[in-house]
Amino acid sequence: MCSRTTGAARAGRPRSAEADAAILRATREALVELGWSKLTMSDVSARAGVAKTTLYRRWAGKNELVVDAVAVLFDEIELPDRGTLEADIEGVVLQFAALLERPETKSSLMAVVAESTRDDALRARIRSAIVDRQKRLVLEGRERAQARGELPYEEDPVAAARSADLIFDVIAGAVVHRSLVSAEPVDPDWARTFTTLLVAGLRAVAAQS
């Protein structure tokens, strides 16, 4: 998994999945302890027990390294098959919220998002490495719901892409805001109510099409 999250491989010795995992783990640990401004490639290499040249063979700099360290955490989220669209969404929401409760996720995500407000290239990397990759959950969930007959198929690919973006934004925005901004719990009751509202909206839009 780590090999697809890191930057373009350079010529040289084969990549080590174990080294990649150690580096990304050390990056998150450093973010929790030091924060963005004090984190350095030297500190990460020392924590991971690898040479600094090993880091630079894999990542051009701190921005790329931190985004990839965050991205692998979000790759842990899976779409459960719980029998209904509502139950599937609740499962993803609760996984997402549990991930955000971990100090390494919270510190890493908030640090990289804050820094991205001043760095367009970093923002673009967040989109490609985290946001675009995690939209797979929406696409898989919608396809499964359509196969069950819970949602209609969308013939227009442009409209389908827009609706997938909107679904992702609604879920991610609501869970991140409640967990990290409002600091309120995302418990099963909240997840159930949120999912009811979301699915009702999806079906209302489908009925108007």
Using a 3.5 Å distance criterion without hydrogens, assess whether the side chain of [X] forms a donor-acceptor pair with backbone atoms of [Y].
X      : Y      : answer
Arg47  : Ala26  : no
Gln134 : Val131 : no
Glu104 : Arg28  : no
Asp88  : Arg82  : yes
Thr27  : Ile23  : yes
Thr105 : Leu99  : yes
Lys62  : Leu39  : yes
Ser45  : Ser42  : yes

Inset, instruction - Indicate yes or no: at least one non-hydrogen side-chain atom of Leu109 is less than 4.5 angstrom from one of Leu180. - result: yes

Legend entry - Phe74 side chain reached by Leu137 side chain, heavy atoms, under 4.5 Å: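 No, too far: nothing below the 4.5 Å cut-off.
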
Ignoring hydrogens, what is the shortest heavy-atom contact between [X] and [Y]? Give both atom names and the distance.
X      : Y      : value
Ala164 : Val138 : O-CG1, 3.8 Å
Gly91  : Pro80  : CA-CG, 4.0 Å
Leu122 : Trp36  : CD2-CH2, 4.0 Å
Ala191 : Leu94  : CB-CD2, 3.9 Å
Pro103 : Val32  : O-CG2, 3.7 Å
Leu24  : Asp68  : CD2-C, 3.9 Å

If the threshold is 4.0 Å, N to carboxylate O, is there a salt bridge linking [X] and [Y]?
X      : Y      : value
Asp119 : Arg125 : no
Arg136 : Glu78  : no
Arg144 : Glu150 : no

Inset, instruction - Taking atom types as modelled, find out whether Glu101 and Ser179 have a side-chain donor-acceptor pair closer than 3.5 angstrom. - result: no

Legend entry - Between Ser163 and Arg142: side-chain donor-acceptor atoms closer than 3.5 Å: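 Their side chains do contain a donor-acceptor pair, which is all the 3.5 Å distance test asks for.
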
If hydrophobic clusters are built from ILVMFWY residues whose side chains come within less than 4.5 Å, do [X] and [Y] share one?
X      : Y      : value
Leu139 : Ile167 : no
Val205 : Leu197 : no
Val66  : Leu34  : no

Legend entry - Arg148 atom CZ: more than 12 heavy-atom contacts under 6.0 Å: yes

Inset, instruction - Scan for salt bridge (charged side-chain N to carboxylate O under 4.0 Å, His left out) pairs involving residues 160-180, sequence neighbours excluded, and state none if there are none. - result: Lys135-Asp165

Inset, instruction - Kindly indicate, with the supporting measurements, whether the criterion side chain to side chain contact (heavy atoms under 4.5 Å, CB included) is fulfilled by Val67 and Trp59. - result: CA-CA 10 Å; Val67 171; Trp59 294 274; over 6 Å; no

